[in-house]
**Q** 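Submitted below is the structure of interest, expressed as structure tokens.
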Amino acid sequence: MKIPPVKGMRDFYPPEMSVRNYIMGHWKAVSQRNGFLEYDGPILEYLQLYTLKSGQEIVEQLFSLTDRGGRELAIRPEMTPTLARMVCQRINSLPRPIKWFSVPRLCRAERPQKGRLREFFQWNIDIIGVEDVVADAEIIFCTLDFLQAVGLTAKDIVVRISSRKLLSEALIEIGVPAERLDPVFAILDKRSRLPQEAFEQILSDQIPDQSIRSQVQTLMAISTLDEVALLARSEGACKAIAELRRLFEILHRMGVGQFCRFDIGIVRGLAYYTGIVFEVFDADDQLRAIAGGGRYDNLLAMFDGPNLPATGMGMGDCVLEILLRDKGLIDLQRIQQGLEYYVAYTEPGLMDHAIGLAAWLRRAGRSAGFCYRPVALGKQLKQASDQGCRYCIIIDRQVEAGQVILKDMSTGDQRSVTLDELLRQPG
RNA sequence: GUGAGAGUAGCUCAGUUGGUUAGAGCAUUGGAUUGUGGUUCCAAGGGUCAUGGGUUCGAAUCCCAUCUCUCACCCCA
């Protein structure tokens, strides 16, 4: 009986694994050079960790189970609750600011589709303990640092930035009741994905008043920060605008201003965001969000922790990989890990010399391989190039005199070298 | 969870109004060129035609169910 892979799960054969390692390698390297420390948590958490504080949607998508001790557990669908739990547990001994990153494997039981699977990897970076927008700028910069590192430019991607604080102040000024803000945010988040009429319809469920509704529509049609500034009256709104201006100023100073746009339509579905919010999209707007994040100053308190400001970002591997492939930025030849040396021999009697030399190279820290059965030299060279080896070492009778032939597989050039000279090759 | 489309070799696909033993290209493996690879040539392996049931003398082909995939909705990475 053939057992297929589970719905929405992926097998990583060596070529796919190379791509995954390529992406994750850059995630880690970029995190580290931006000053984030790596952490991880368990793949299983108590179900309660999610049912208590996460949104209803994410709870519906949980893979949950009961263990033999009757504990209700869930496979983690996001990393933030684990982060909050870990930070709260050691809050008194952690040096601040807490600047951590992780690349967890997450599972959500949704229906798989383009860029959306049931098991995926997500790069998370978070800064906890910094109230100033400089932390939000760091998060956005680090996100863009990675995206540029894998070859994307301002022609390929855009970061849309807004502020929940600004939006809630503006909505209250217009006359939306404070207790309606959360459901209205959820609706506004859908604005760009819904037809105008349908949007108007669901909005009227929350805001019956026609004049307030049309003011909301006017607000959402605004495209620059200056236009919002003309409308803003309240102190809170002005502070939120000043904060956004400061953020854009820092991002320009950091050299990534060309990627960033103010977009009042960025709201984000999750309820816990409190200030700056942003999402990264492909410039052609063909795909889902590549990454998203923002400020969640109340989250630790929600997990019975202290009231600490926090900001962070999550980026999944699925949409990113689709975009990188679309843009031709995944060069398998280059990414795939090949051997450095292939040790070949001109006649079967020299095979043992090849085995010895390959092992000698490995002991010296180089990667090397050889053919497991004596075949013609042409075959061995073919195998060497199939495996993507950089050099082929050809052993002939001269090996008795300590000489072998070193052949560069990309140029075809070859010359006679001594064994000592081999190790002086750039590795 | 809702809606639409699809499923033939590892991959991309042919396959006539239902008619003998289901095909190709790529990939894989082996062989040829006798000390030089990315070329060429020869050959082989690989399919319960997604699974189960039905209609029929006869089903890859028609019908039903299930599973899986794709796309959209929901939500989000």
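Reminder, nothing fancy here: chain letters follow the sequence lines and each chain counts from 1. Note that these values count all heavy atoms, side chains included, but never hydrogens, waters or copies made by symmetry.
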**Q** Say we look at rU8(B) and rU16(B): how far apart would their P atoms be, to the nearest angstrom?
**A**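 The same atom, P, in both gives a distance of 16 Å.
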
**Q** If the P atom of rU48(B) is compared with that of rA22(B), how far apart are they to the nearest Å?
**A**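 12 Å, rounded to whole Å.
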
**Q** When the P atoms of rU70(B) and rC11(B) are considered, how many whole Å apart are they?
**A**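 Comparing P positions in rU70(B) and rC11(B) gives a spacing of 13 Å.
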
**Q** P112(A) has a side chain; which of rU70(B), rG35(B), rA72(B) sits nearest to it?
**A**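 Closest nucleotide among those given: rU70(B).
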
**Q** Is the NZ or CZ atom of R160(A) both under 6.0 Å from the centre of the six-membered ring of F281(A) and within 45° of that ring's axis?
**A**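 Yes - R160(A) lies over the ring of F281(A), closer than 6.0 Å to its centre and within 45° of its axis.
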
**Q** Please state whether the phosphate of rA72(B), meaning OP1 or OP2, lies under 4.0 angstrom from any side-chain nitrogen or oxygen of K114(A).
**A**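 Result: no.
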
**Q** Given rG37(B), rG35(B), rA77(B), identify the nucleotide with an atom nearest to the side chain of M409(A).
**A**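 For the M409(A) side chain, the nearest candidate turns out to be rG37(B).
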
**Q** Which nucleotide, rG31(B), rG1(B), rG35(B), lies nearest any side-chain atom of I394(A)?
**A**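 Nucleotide nearest to I394(A)'s side chain: rG35(B).
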
**Q** Is there a donor and acceptor pair closer than 3.5 Å between the side chain of Q414(A) and the base of rU36(B)?
**A**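 Donor-acceptor pair under 3.5 Å: yes.
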
**Q** For rA59(B) and rG53(B), measure between their C1' atoms and round to the nearest Å.
**A**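 It comes out at 13 Å once rounded to the nearest Å.
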
**Q** Assign A291(A) to base, sugar-phosphate, or nothing according to its heavy-atom contacts below 4.0 angstrom with the strands shown.
**A**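 Here A291(A) touches the backbone only, sparing every base.
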
**Q** Knowing that exactly one of W100(A), F146(A), F101(A) qualifies, which makes a ring pair (Phe, Tyr, Trp, His ring centres under 6.0 Å) with W123(A)?
**A**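 Filter result, single survivor: F146(A).
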
**Q** Rounding to an integer number of angstrom, what distance separates rG7(B) and rA50(B) when you compare their P atoms?
**A**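 The answer is 8 Å between these two P atoms.
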
**Q** If you take atom types as modelled and just measure distance, does the side chain of K407(A) reach the base of rU36(B) with a donor-acceptor pair under 3.5 Å?
**A**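 Yes, a donor-acceptor pair under 3.5 Å.
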
**Q** Considering only the C1' atoms, how many Å lie between rG18(B) and rU12(B), rounded to the nearest integer?
**A**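 Pairwise C1' distance, rG18(B) against rU12(B), rounds to 27 Å.
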
**Q** Can you confirm if the aromatic rings of Y22(A) and H26(A) lie within a centre distance of less than 6.0 Å?
**A**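 Between H26(A) and Y22(A), the centre distance is under 6.0 Å.
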
**Q** Do the side chain of E321(A) and the base of rA77(B) come within less than 3.5 angstrom through a donor-acceptor pair of N or O atoms?
**A**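 Absent.
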
**Q** What nucleotide among rG31(B), rU36(B), rA77(B) has an atom nearest to a side-chain atom of A289(A)?
**A**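 Selected nucleotide: rA77(B).
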
**Q** I'd like the P distance from rG5(B) over to rU29(B), given in whole Å.
**A**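 Pairwise P distance, rU29(B) against rG5(B), rounds to 41 Å.
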
**Q** So what does D317(A) hit on the nucleic acid, given a heavy-atom distance under 4.0 Å: a base, only sugar-phosphate, or nothing?
**A**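 Nothing, no nucleic acid heavy atom in range.
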
**Q** Among rG31(B), rA77(B), rC73(B), which is the nearest nucleotide to the side chain of Q113(A)?
**A**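 Closest nucleotide to the Q113(A) side chain: rC73(B).
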
**Q** Measure from the side chain of R373(A), starting at C-beta and using heavy atoms only, and say which of rG37(B), rG31(B), rC71(B) lies closest.
**A**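 My answer, after comparing the listed nucleotides, is rG31(B).
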
**Q** Would you indicate what I405(A) reaches in the nucleic acid, counting non-hydrogen atoms under 4.0 angstrom: base, sugar-phosphate, or nothing?
**A**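 I405(A): base contact, heavy atoms under 4.0 Å.
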
**Q** With respect to the side chain of Q122(A), which nucleotide from rA77(B), rC75(B), rU36(B) is positioned closest?
**A**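 Closest nucleotide to the Q122(A) side chain: rA77(B).
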
**Q** Any non-hydrogen side-chain atom of L406(A) less than 4.5 Å from a side-chain atom of Y341(A)?
**A**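 Yes - at least one pair of side-chain heavy atoms lies under 4.5 Å apart.
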
**Q** Report which part of the nucleic acid I395(A) touches: base, sugar-phosphate, or nothing (heavy-atom distance under 4.0 Å, all strands).
**A**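 Counting heavy atoms under 4.0 Å across all strands, no contact is made by I395(A).
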
**Q** Taking atom types as modelled, is there a side-chain donor on D420(A) or T418(A) under 3.5 Å from an acceptor on the other?
**A**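 No.
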
**Q** Are more than 12 heavy atoms from other residues, nucleotides or ligands located less than 6.0 Å from atom CD of E16(A)?
**A**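 Count over threshold, so yes.
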
